[in-house]
Amino acid sequence: MVNGPQARAARLAAFLDDRFGMEACDEASISRALLHVAEKDGMDEVAKACGVGPATLRRQLNGAFPLYVVTLFQVTRALGLQLRVEVKHETRR
């Protein structure tokens, strides 16, 4: 199914992967990217899965406050995503 849960999760993962890989990626931009996908996926459900209210989650992810790793994990899990680390491939000049 093109619009099923797996396709939705793949689109969210691709969006976040693009943002995380940007040269100007920082804590605030990661927070805002998570806020964007949480809103796109249904903030009420994501916030509930994180154990907080939607307004609280929006405040945590608006980029004005530190992004706690527990929040990062909670949101990605609520979205059906998993974080991973890989070697950065740099081109030599």
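Worth knowing before you read on, the calculation uses all heavy atoms, side chains too, and leaves out hydrogens, waters and symmetry mates.
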| Going from CG on Asp41 to CG on Leu81, what distance comes out if it is rounded to the nearest 0.5 angstrom? | 8.5 Å
| message | What verdict does the side chain to side chain contact (heavy atoms under 4.5 Å, CB included) test give for Val75 and Leu57, after you've listed the backbone C-alpha separation in whole Å, the side-chain angles of each residue and the deciding distance to 0.1 Å? | response | CA-CA 9 Å; Val75 172; Leu57 189 57; 3.9 Å; yes
| Non-neighbouring partners of Ala28 that pass side-chain contact (heavy atoms from CB on, under 4.5 Å), sequence neighbours left out | Asp26, Arg32
| task | Not counting sequence neighbours, list each pair that qualifies as a ring-ring contact (aromatic ring centres under 6.0 Å, His included) and has a residue in residues 48-81. | result | none
| Listed partners of Arg58 passing side-chain contact (heavy atoms from CB on, under 4.5 Å), at least two apart | Leu35, Glu39, Met43, Pro54
| task | Could you note down all residue pairs passing salt bridge (Lys or Arg N to Asp or Glu O under 4.0 Å) where residues 44-53 supplies at least one of them, sequence neighbours left out? | result | none
| task | May I ask you to list the residues sharing a hydrophobic cluster with Val87, side-chain cutoff 4.5 Å, ordered by chain and number? | result | none
| query | What salt bridge (Lys or Arg N to Asp or Glu O under 4.0 Å) pairs are there with at least one residue in residues 60-71, not counting sequence neighbours? | reply | none
| request: To the nearest 0.5 angstrom, please state how far the CG atom of Leu12 sits from the CG atom of Leu79. | output: 6.0 Å
| task | Decide yes or no for Thr71 and Cys50: does some side-chain heavy atom of the first lie under 4.5 Å from some side-chain heavy atom of the second? | result | no
| said: My understanding is that only residues two or more places apart in sequence, or in another chain, count here; which of them pass side-chain contact (heavy atoms from CB on, under 4.5 Å) with Ala49? | reply: Ala78
| field | Glu27: side-chain contact (heavy atoms from CB on, under 4.5 Å) partners, not counting sequence neighbours | value | Pro66, Leu67
| Same apolar cluster (I L V M F W Y, side chains within < 4.5 Å links), Val69/Leu34 | yes
| request: Please identify each residue that fulfils side-chain hydrogen bond (donor to acceptor under 3.5 Å, both in side chains) with Arg59, with sequence neighbours left out. | output: Thr56
| query | If you look only at pairs with a residue in residues 12-62, which of them pass as a ring-ring contact (aromatic ring centres under 6.0 Å, His included), with sequence neighbours excluded? | reply | Phe15-His36
| message | Any non-hydrogen side-chain atom of Leu16 less than 4.5 Å from a side-chain atom of Ile30? | response | no
